[in-house]
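In what follows, a structure is listed as structure tokens, so that the remarks can point back to it.
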Amino acid sequence: MDNEKLNLPQYDIPDDIQNAVAITTLDRLYNWGRRSSVWPLMFGLACCAIEMIAAQAARYDMARFGMEVMRPTPRQADLMLVSGTVTKKMVPAIVRLYNQMPEPKYVVAMGACASGGGPFKEGYNVVAGIDKFIPVDVYIPGCPPTPQALIAGLIKLQEKIDKESLKKVRWYRKGPDAVEIPVPILGPDLIDPRRSAEIKQIAAAVKEGAS
Amino acid sequence: MYGKGILKGLGVTWKRFWNTYLEDISWLLSGKKRYFTEEGVKHRASKHARGIFTVQYPEERLILPEEFRYVPFLVYDEGEGGKKEVRCTSCGICAKVCPPQCIWIVRSNDPNTGRPIPEPTEFYIDMDICMNCGFCAEYCPFDAIKMDHDFEIASYGRNVYNLEKLLKPASYYASIRPQNYAREEEARKAKEAAKAAKTAAKPA
Amino acid sequence: MTAPASTQTVDLAARFPGIVTADTRPGYSGFIVEKDKLVEVATAIRDEFGYDLLTAVTAVDYLPEGKMEVVYHAYKTTGGPGLVFRVQVPRVDPIEVPSLINVYPGADLQEREAWDLMGIRFTGHPDLRRILMWEGFDGHPLRKDWKEPFYEEDAKPFKSRWPEGRHVMAEDRNPYKDNLKFPENFDPEKWIPDNDNMLYQSLKRYTMKNEDGLETDHIVVNMGPQHPSTHGVFRAAITLEGETIVGLKPVVGYLHRNHDKIGERNTFLQNMPYTDRLDYFNSMSNNLAYAITVEKLMNIPVAERAEYIRVIMAELSRIQNHLVFIGMLLNDLGAMYTPALYAFEERELILDVFEAVSGARMMCNYLRFGGVVRDIPPYVMQKIKDLVFDRLPAKTDEMDRLLTENEVLVARLKGVPVIDGETAIKYSVTGPVLRAAGVPYDIRRADPYSIYDRFDFDVAVRYNGDLYDNYLIRLDEIRQSLRILQQAVKQIPDGPINSQKPQYQVRVPAGEAYGRIESPKGELAFYVVSNGKPNPWRYHVRPASFVNITCLEKICLGAKIADFVALLGVLDIVMGELDR
Ligand code: SF4
Ligand code: SF4
Ligand code: SF4
């Protein structure tokens, strides 16, 4: 590998390790390995999932990006493609799946619904965007994003992986390697355990029926 | 014979496997390029598609039909000195017809008279709600909002587009939808001619 | 369009004087039945009058009149128009209506839905639990006085969008800063979630004794909502005795997106793109069903050319649906990928046609009341001809060669019973599953809509009702669809593509309409009530998948767990439509 390329603008090398050639070269090798074998979780929610399957099929062929291995179990998956409307009834299962995925893990919100609620946002059973619960790396607008748009989004994810550095990634740091996200509870409405104190407070203040 | 059906099926897959190479050879012999050319992509989307079916996005791209719609954008005409003449008159029809109600428009008022003037001060489309239905483009009476062909808009954050982000020049619109553009321009010219004829006829 | 009076062919009122009265409200048809005699009348409707197929059960909340109404639509599997009967009860809790589950077992899930969303108690229903929402959810959301957390106004368009439409996130208008709503003084710490207790209780109904009279422990297995072969977010709670299924309850609602509630706020036109997202494989058919329903209400004709275009699009979508069905069924059976990949190739070519005419591959939003939105350009017409005359017949034959005689497949499918005709009718099963059980019931023939009466085609029927027939009938139907398509592209006349002017505000007179089509998955129908306003008063989707899974429990009992995915697979469910 020539050193020239390291200084190209697309390689976002932090100042403090500018000269640590060993690490950056290793980084690139490491990132290349990971970006070329992002295994998605076999997990479809709604209409967008059909476009995801279409992207896996012959015409678009995600195998060209090393993403053809759809794992039905979260334990072997690197990427959660949230493909469709996230409902309140489903979100506990999604959070559980996310918690079960090993690091490094990425989340792509595919389509308007997963990104921010989509056309059904006003519905009573719809979560306005999966990022309310789990961190999202790439958002792909569209309803549904065409398979080409999905692949464009995944290339964007690969770019993000390319910029990561071994020194900074969260899963090699000290401390718990993944933050467990508390699983939401189905109450009279969806209860996010992280917010229960807040909910109690507001529920005491708000009169029923007022919005 | 047991296994005949399986062999028959294997015949099908076998044939489909070799089709790719047979096609490759026949294209090679006829001196045409099968991959990374528009002709090749077109062929793979036609009834003659045999063998390999993959269009290798992003190097190759499917040919989008003119009517293809992704997210909406606003059209502006390029005036003199690069001035953006926004076509939108903030009539509000698109905001009314939008099924998930993801268009927000602030109408402009003339600072002197306080009367509404035909231009939006602010125009938002929440792309995380928009269902790409195309109603806004269909019912806009001023051809001011159109559906885009650009689908490579994935981002690292949520997407609420404001006026600035929504505006694209009419020349871009003409390039993605040449037929629609030509038809609309014609209609517009005819309308203007009729108007001119009317005003010309009046004094007489 | 036929006048709604055509349903008056039987005089139920004369048969039950004092109990049944004809519905005389303008725009309505059918009969109003006294609540207490409902079961008796329904039995007579089934046995004496021959309406053996109960297709839809739904409720309407007439808040201003202080009434709740439960509406039943019954049809004869021999064909002909249907019969509408309804029960009206005062709108004071507890609202109780006798359950029809013993007369028409197919009412099971639909009654549960009416309980869940409207809060109508069906007395005599053995397992009246919530179905789309979860146990513990607060309120019955389809009632007109129930408001969701992001509620803005009763009807679209909202005033806050124009002319002073500054962008506000819906979250910021809600006190909880999210799509949430809690009862007053609610304390999350004290809440005890149901955790599917009710579900497991209802599974316990099944006998715990095996044939030898021994009491054995059963295993409860949950398949889904995240499972590779449940076609989305379907879940089944299954009780097993060894490998045999002895109890099963479908658990749905994981994709409940509140179509009905949102649809009542939308204008009639705004619902069109929402229907795309019901059965997302066949947006064209969904558009067609909805357009037919509203056109019935508006009583407008459809442009001649548009009728042909509609048929072409609906049949093309049937072909791609069935192709994908075959591919996915094989996927479920473990023949990973090859058939599915082949199917998806042809699907792509059909989607190219949709994309070229409507602008989108899946969410076409192509039909308008009175016609379609734009004409088929000549080059696309040529493409359609290429497909229906050359490519698709050849590829269907190829699929046939690839799979039909494959010994492994035959061994796996042949003789595994799905359902017999009689039971299928009882459970309101429609579509290919019913026809594979020997009942030649196809709405295109039985109660023709659009211009299907002009085409020469056969209703595909198979008689064994096993998995193999369910596979074969899909191939038969593809071939019949191709026949229709070949006639349609030859006969299509020139002319306007819409009988109406393009308009975004349509005038719909007050009344009700039930429009149904033979969608690739079965009977897809819309029940729309209008009160003359720009928005429907009630907008109900009667999806094929949802009603078809009513029989899932019945057909799986006694089957091996390994066949469950196949049995579920042949029902060809799609969650967008099932959960709505
Ligand atoms: S973004 Fe659109 S296509 Fe995707 S799941 Fe939501 S409604 Fe369906
Ligand atoms: S985009 Fe068109 S419809 Fe919308 S406000 Fe502007 S002029 Fe009116
Ligand atoms: S495409 Fe449809 S949803 Fe999107 S802004 Fe236009 S009208 Fe609204």
Side-chain angles (χ1 to χ4, degrees), chain A residues 41-47 49-51 53-54 56-59 70 72 74 84-85 87-90 93-94 97 113 117 119-128 132 143-144 146-147 185-193 195-200 202-211, chain C residues 132-134 136-138 141 147-152 170-171 173-176 178-189 191 193-194 225-228 232-233 253-259 261-262 265 273-274 276-277 280-281 340-342 344-345 347-348 351 361-363 575-576 579:
Chain A
L41 179 64
M42 193 190 247
F43 166 65
L45 289 174
C47 354
I50 310 301
E51 286 297 56
I53 298 170
Q56 293 278 9
R59 184 180 260 181
M70 294 279 252
T85 318
T87 60
K88 290 180 186 171
K89 197 168 176 179
M90 187 65 194
I94 298 177
L97 286 170
C113 283
F120 298 96
K121 182 171 180 176
E122 61 196 279
Y124 47 86
N125 191 24
V126 175
V127 174
K132 294 234 152 69
C143 181
T146 58
I185 301 162
L186 297 176
D189 209 327
L190 190 71
I191 306 168
D192 184 347
R195 293 188 59 198
S196 38
E198 201 183 333
I199 287 172
K200 186 178 171 184
I202 304 173
V206 184
K207 277 223 290 303
E208 195 178 357
S211 60
Chain C
L132 294 175
M133 302 305 288
W134 59 88
F137 184 75
D138 188 31
K147 309 250 186 285
E148 56 263 78
F150 281 170
Y151 171 83
E152 251 193 277
E171 285 90 328
R173 286 187 284 104
N174 179 291
Y176 299 95
D178 205 345
N179 193 355
L180 295 176
K181 176 177 146 175
F182 290 99
E184 213 172 320
N185 288 324
F186 173 72
D187 186 356
E189 314 282 328
W191 174 258
D194 168 68
Q226 149 65 8
H227 187 276
V233 286
Y254 291 99
L255 191 56
H256 178 46
R257 300 191 279 194
N258 331 119
H259 266 274
K261 187 86 179 173
I262 296 175
R265 203 176 302 125
Y274 276 96
D276 289 342
R277 287 152 181 83
Y280 28 72
F281 274 104
L341 288 178
Y342 288 2
F344 264 89
E345 277 188 18
R347 178 173 184 263
E348 286 293 333
L351 292 196
R361 291 154 45 84
M362 278 172 70
M363 305 305 174
M575 293 316 285
D579 287 343

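Quick caveat, the model's predicted, so the values are computed rather than measured. Lettering of chains follows the sequences in order, A, B, ..., and the numbering in each one begins at 1.
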Taken in chain and number order and not counting sequence neighbours, the residues that satisfy side-chain hydrogen bond (donor to acceptor under 3.5 Å, both in side chains) with Lys121(A) are Glu171(C)

When Leu180(C), Leu341(C), Leu351(C), Asp579(C) are compared by non-hydrogen pairs under 4.5 Å with chain A, the top option: Leu180(C)

Verify, without hydrogens or angle tests, whether Tyr274(C) (side chain) and Pro119(A) (backbone) share a donor-acceptor contact under 3.5 angstrom. yes

Could you look at Glu348(C) and say if it's the side chain, the backbone, both or neither that has a heavy atom under 4.5 Å from chain A? both

Geometric class of the Phe137(C)/Tyr124(A) ring pair [parallel <30°, tilted 30-60°, perpendicular >60°]: tilted

Who passes salt bridge (charged side-chain N to carboxylate O under 4.0 Å, His left out) against Glu51(A), sequence neighbours left out? Arg361(C)

Rounded to the nearest 0.5 Å, what separates atom SG in Cys113(A) from atom CZ in Arg277(C)? 8.0 Å

Nearest heavy-atom pair of Trp191(C) and Leu186(A): which atoms, and what distance? NE1-O, 3.2 Å

With a 4.5 angstrom heavy-atom cut-off, could you sort out which part of Leu41(A) is near chain C: side chain, backbone, both or neither? side chain

Max heavy-atom pair count under 4.5 Å with chain C, selected residue of Ala57(A), Pro144(A), Gly187(A): Gly187(A)

What part of Tyr280(C) gets closer than 4.5 Å to chain A, counting heavy atoms only: side chain, backbone, both or neither? side chain

Keeping Glu189(C) on the side-chain end and Ala197(A) on the backbone end, is there a donor-acceptor pair under 3.5 Å? no

Quick one: does any side-chain atom of Arg347(C) pair with a main-chain N or O of Ala54(A) as donor and acceptor, under 3.5 Å? no

Relative to chain C, which segment of Ile185(A) carries a heavy atom at a distance below 4.5 Å: side chain, backbone, both, or neither? side chain

Does Phe182(C) offer a backbone N or O that forms a donor-acceptor pair with the side chain of Asp189(A) under 3.5 Å? no

Among Gly253(C), Ala170(C), Ala340(C), single out the residue with the greatest number of heavy-atom pairs under 4.5 Å to chain A. Gly253(C)

Which atoms of Phe344(C) approach chain A - backbone, side chain, both or neither, heavy atom under 4.5 Å: side chain

Taking side chain as everything from C-beta outward and backbone as N, CA, C, O, which of these in Ala49(A) sits under 4.5 Å from a heavy atom of chain C? Side chain, backbone, both or neither. neither

Give the minimum heavy-atom separation between Pro188(C) and Ser196(A), together with the two atoms involved. CG-O, 3.4 Å

What part of Lys88(A) gets closer than 4.5 Å to chain C, counting heavy atoms only: side chain, backbone, both or neither? both

For the OG1 atom of Thr87(A) and the OH atom of Tyr254(C), what is their distance to the nearest 0.5 Å? 9.0 Å

Among Ile53(A), Ile191(A), Ile50(A), which residue forms the greatest number of heavy-atom pairs with chain C at distances under 4.5 Å? Ile50(A)

Look up atom CD in Glu345(C) and atom CZ in Arg59(A), then write down how far apart they are to the nearest 0.5 Å. 9.0 Å

Of the listed residues (Met363(C), Met362(C), His259(C), Glu152(C)), which shares the most heavy-atom pairs with chain A below a 4.5 Å separation? Met362(C)

Below 4.5 Å from any heavy atom of chain A, which atoms of Phe281(C) appear? Answer side chain, backbone, both or neither. side chain

Interatomic distance, CE@Met90(A) vs CD@Gln226(C), rounded to 0.5 Å, equals 6.5 Å

Donor-acceptor contact present, side-chain Asn258(C) to main-chain Asn125(A), <3.5 Å: yes

